[in-house]
Amino acid sequence: MGVGMKEENCIFCKIAGGEIPSKTLYEDEEFRVILDLGPAAKGHALILPKSHYADLYELPEDTAAHAMILAKRMAARMTDRLHCDGFNLMQNNGETAGQTVFHFHMHLIPRYQDDGQKIGWKPGEPSAEELEEIRNKIIG
Ligand code: AMP
Ligand code: ZN
């Protein structure tokens, strides 16, 4: 899989392509994995495809599959080396969902018992009817 389109003025295109230096953990033809400069916890890293896709909606399926395999391998390596207690995989799409850089990336976040972070949501309490309604909207 070669390297496809880049977007001008995209910082992650420049980082992934090596134009802007980064703390690189891994690199192949398709991806670069770098340390996040604003980490949620020690070792927080980002998987960046070298081609520009704004988000998951634009990401080709084969790149998505490769990104998940790489995430699994990185999680194993990082857990072994960092001795973290858990691991979050995160991926934001759209400003509403917390995306700030509009070049697809996957967050690799090692978690430690005392890291003081909280990644989560306030659970709703939908009725059976509401669940059925939303299910029909999605599959109907
Ligand atoms: P998101 O909010 O999912 O779009 O995540 C963007 C992430 O990129 C944040 O965790 C930032 O800390 C990180 N980030 C932004 N600019 C850089 C950069 N130049 N190098 C490394 N990480 C960055
Ligand atoms: Zn880009």
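Values reported hereafter were calculated over all heavy atoms of this structure, with side chains retained and with hydrogens, waters and symmetry mates removed. In this text, all values refer to a predicted model and were calculated from it rather than measured experimentally. Numbering of ligands and ligand atoms starts at 1, following listing order.
Side chain of Tyr112 to main chain of Lys42: a donor-acceptor pair is present (N/O by atom type, distance under 3.5 Å, no hydrogens or angles).
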Verdict with reasoning, Phe12 to Leu46, per side chain to side chain contact (heavy atoms under 4.5 Å, CB included) = CA-CA 10 Å; Phe12 280 5; Leu46 302 170; 3.8 Å; yes

Run the numbers on Thr24 and Val33 for side chain to side chain contact (heavy atoms under 4.5 Å, CB included), then give the verdict.
-> CA-CA 6 Å; Thr24 296; Val33 182; over 6 Å; no

Take Ile69 and Arg73 through the side chain to side chain contact (heavy atoms under 4.5 Å, CB included) test and state the conclusion after the steps.
-> CA-CA 6 Å; Ile69 292 166; Arg73 290 181 182 159; 3.6 Å; yes

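Taking the six-membered ring wherever Trp is involved, the centroid distance between the rings of His105 and His103 does not fall below 6.0 Å.
Scanning all heavy atoms of the two residues, the minimum distance from Ile47 to Ala67 falls at CD1-O, 3.8 Å.
No hydrogens or angles considered: nothing links the side chains of Asn9 and Glu7 as a donor-acceptor pair under 3.5 Å.
For ligand 1, the atoms sitting less than 4.0 Å from at least one non-hydrogen atom of Ile34 are 21 (C), numbered in the order shown with element in parentheses. Listed by atom number, the atoms of ligand 1 under 4.0 Å from Gly38 heavy atoms are 12 (O). Close approach of ligand 1 to His105 is summarised as follows: ligand atoms under 4.0 Å from at least one heavy atom of the residue are 1 (P), 3 (O), 4 (O), 5 (O), 6 (C). Close contacts between ligand 1 and Leu35 involve ligand atoms 21 (C) [criterion: under 4.0 Å to a heavy atom]. Within the listing of ligand 1, atoms 1 (P), 2 (O), 4 (O), 5 (O), 6 (C) sit less than 4.0 angstrom from a heavy atom of Thr100. Below 4.0 Å from some heavy atom of His107 lie the following atoms of ligand 1, by number and element: 1 (P), 3 (O), 5 (O), 7 (C), 10 (O).
When only interatomic distances are considered, the shortest N/O to N/O separation between Ile11 and ligand 1 does not fall below 3.5 Å. Between Ile15 and ligand 1, a contact under 3.5 Å exists for no N or O pair. Of the N or O atoms in Asn92, one or more lie within a sub-3.5 Å distance of an N or O in ligand 1. Here's the thing with His44: none of its N/O atoms is less than 3.5 angstrom from an N/O atom of ligand 1.
For atom 22 (N) of ligand 1, the nearest protein heavy atom (residue, atom name, distance) is Leu37 N, 3.3 Å. In terms of protein heavy-atom proximity, atom 10 (O) of ligand 1 is nearest to Asp36 OD2, 2.5 Å.
A heavy-atom separation below 4.0 Å is found between Gly98 and ligand 1. Heavy atoms of Phe12 come nearer than 4.0 angstrom to ligand 1 in at least one pair.
Summary: ND1 is the N/O/S atom of His103 found nearest to the Zn ion (ligand 2).
Cys10 contributes SG and His52 contributes ND1; the angle these two atoms make at the Zn ion (ligand 2) is 110°, rounded to 10°.
Surrounding CE of Met90 are more than 12 heavy atoms belonging to other residues, nucleotides or ligands, all under 6.0 Å away. Heavy atoms of other residues, nucleotides or ligands lying less than 6.0 angstrom from CD of Glu132 number more than 12.
Of the residues listed (Glu27, Glu30, Glu29, Glu19), the one engaging Lys50 in a salt bridge (Lys or Arg N to Asp or Glu O under 4.0 Å) is Glu27, and it is the only one.
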